[in-house]
Every structure is written in structure tokens, then in C-alpha cells.
Amino acid sequence: MGDTTAVRVVRDDREPLVIIDSVNKHYGDLHVLNNINTQVGRGEVVVVLGPSGSGKSTLCRAINRLETIDSGTISIDGQPLPEEGNGLATLRADVGMVFQQFNLFAHKSILQNVTLGPMKVRGLSRKDAEEKAMALLERVGIANQAQKLPSQLSGGQQQRVAIARSLAMDPKLILLDEPTSALDPEMINEVLDVMIGLANDGMTMLVVTHEMGFARRAADRIIFMADGQIVEEATPEQFFTDPKTSRSQDFLSKIL
Ligand code: ADP
Ligand code: MG
């Protein structure tokens with residue numbers, strides 16, 4: 001596999017949902033993803049940690065095919081990622097993505113933000129899409145804001161809408177790339193609580209975050225990246241109490 005440098009102390013016997021095999025990507029001279037090998041099991045919550053610029057967002061974007069890769073393969077539920085065409089719309093429906101900036105449609109109501117994808121991509125009727133959207137908005141605690149515009153909501157509320165919008169597509173997994181990094185501190189927990197609820201419900205999640213409390217509590221596994229490589233994979237218990245590499249020890253000493 002060519003990953004002899006990474007320290008891997010986790011063995012998970014879940015059926016893999018995402019398989020990332022020998023993935024490389026460059027931006028010019030920068031080797032931004034350097035021989036990435038890992039898997040995400042069905043129902044697993046993987047937290048990706050690492051310093052800024054280590055390739056975490058690029059990895060997320062590659063899994064959703066928002067970025068191409070130079071070599072290697074990524075497959076989801078046994079299917080290699082599509083190159084072009086309709087397959088991409090299906091992939092993006094199957095793989096939810098929540099960004100640091102919530103990326104809601106500014107001129108659409110909260111309800112419309114959540115119903116659009118299911119109607120367009122999944123072919124739901126308006127009635128079914130609205131019923132489903134309201135149930136999801138209920139689940140993330142903002143059903144009473146359904147008729148408002150995104151700008152009328154707080155950042156934490158908008159991010160919870162973004163999560164509901166992802167869920168409305170019945171995704172196989174959700175990628176969350178620093179979902180709380182743009183939020184005022186008092187709004188972080190309301191979003192983390194929704195994420196913990198998803199994790200407890202068995203959603204497969206890959207989460208890039210600097211929220212170590214969430215990582216400890218919700219992660220089945222930590223992936224630590226530096227300089228485009230997976231340097232260490234461990235359970236939260238292992239990673240936070242006994243990090244094996246100098247890079248991870250250094251990282252933890254700076255943030256804990
Ligand atoms: P992280 O999310 O871990 O902070 P990123 O995946 O965003 O890291 O970026 C990894 C590296 O790739 C950084 O050095 C960043 O500057 C560089 N990079 C990201 N996107 C591009 C791009 N579109 N073109 C050139 N360099 C990029
Ligand atoms: Mg990033």
C-alpha cells in the first residue's frame with residue numbers, strides 16, 4: 001500500500017463505505033495529497049485533524065469530486081467516483097457537504113433551501129419535499145424559522161439549516177469541513193449538538209474540525225494529517241492520551 005510511514009493503530013471491521021486508495025494530488029509543485037490511503041466504514045465518524053494547509057479541505061473536496069485527483073482511486077459504496085456528467089449530480093446528492101461558510105441560497109427561504117435539492121435531484125413532489133424538510137428543520141431545532149431568509153437567522157441557525165439541507169438528500173455520508181469555524185463562540189455548541197445527534201443516529205461522517213471536545217466525544221477514529229499525508233490514525237482515546245508521532249505531539253501541545 002505504500003503507507004509505511006503512517007502510524008496506524010486502529011482496526012475497524014465495519015464494511016467500508018468510502019475507500020481512498022493511493023490518492024495523490026498536486027497544485028503545481030505542492031504535493032497537497034501525498035499517497036492517501038484510508039477507508040470510512042458505514043456508520044463511522046471520522047474526525048480529520050491537522051494544521052492549516054495540511055490538505056484536509058482538499059481531501060474532503062476530492063471525496064465529493066469538487067476537486068480532481070492526479071492518481072489513485074476514491075470509491076463510495078463500491079462505485080468509483082464519476083468523472084463527468086449525470087453521475088456527478090448523483091454523487092453530490094449521495095455525499096452531503098457542509099462548509100465553513102454555510103452557502104445557503106440567500107434569496108430563498110429556509111424551507112426552499114431544504115426542498116430544492118430533493119425536488120430537483122431526487123424527484124420528490126413539493127408536498128413530500130416540504131414534509132420532509134419540516135421534519136428535518138424540526139430535528140435541527142429551527143422549524144419555526146422556515147419562512148425566513150437566511151440573512152434573518154444567526155450563523156448557528158444557518159449552519160443547522162445547511163445540515164438539514166444535506167440530510168434532505170438522504171446522503172450515504174456527510175462531509176463537514178470546519179462547520180463551526182465561522183461561528184461566534186456561543187453558537188458552536190448548538191451546531192456540535194446536532195452533529196453529535198447525527199453521529200448517534202448512525203450517520204457516516206467525515207468531519208474536519210478544531211473542536212477537540214467533539215473529536216473526543218463523537219469520533220470513532222481520528223485521522224491526523226500534516227503536509228498532505230496521513231501521519232497518524234488512532235482512536236480518540238489513543239490519539240489524545242498517547243499520540244505516537246512527533247508531528248501529532250507537536251500539534252496537540254499547541255492546541256490543548
Ligand atoms: P487545510 O484544509 O488542511 O487547511 P487545504 O486542503 O485547504 O488545507 O490546502 C492545502 C494546501 O493546498 C495549502 O497549502 C493551500 O494553500 C493549497 N491550496 C488549496 N487549494 C489550492 C488551489 N486551488 N490552488 C493552489 N493551491 C491550493
Ligand atoms: Mg481547510
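As the structure lists them, so they are numbered: ligands from 1, and atoms in each ligand from 1. Keep in mind that this is a model prediction, so the values were computed, not measured.
Taking the charged nitrogens against the carboxylate oxygens, Lys254 and Asp250 do have a contact shorter than 4.0 Å, which makes a salt bridge.
Between the side chains of Glu44 and Thr204, no donor-acceptor pair is found at a separation under 3.5 Å. Looking at Ser246 and Gln249, their side chains never bring a donor and an acceptor atom within 3.5 Å of each other. Using a 3.5 Å distance cut-off with no hydrogens or angles, the side chains of Thr115 and Glu130 do not pair a donor with an acceptor.
Enumerated by chain and number, the residues approaching ligand 1 to less than 4.0 Å through a heavy atom are Tyr27, Leu30, Val32, Pro51, Ser52, Gly53, Ser54, Gly55, Lys56, Ser57, Thr58.
Note that CZ of Arg165 is 15.5 Å distant from CZ of Arg160, once rounded to the nearest 0.5 Å.
The aromatic rings of Phe224 and Phe239 are tilted relative to each other, their planes meeting at an angle between 30° and 60°.
Cluster partners of Met169 are Val121, counting Ile, Leu, Val, Met, Phe, Trp and Tyr whose side-chain heavy atoms approach within less than 4.5 Å, directly or via other members.
Side-chain contact between Ile76 and Ile63 is present, with heavy atoms from C-beta onward closer than 4.5 Å.
Counting only protein atoms, the N, O or S atoms lying less than 2.8 Å from the Mg ion (ligand 2) are Ser57 OG, ordered by chain and residue number.
Listed by first and then second residue, the ring pair (Phe, Tyr, Trp, His ring centres under 6.0 Å) pairs involving residues 86-139 amount to none (not counting sequence neighbours).
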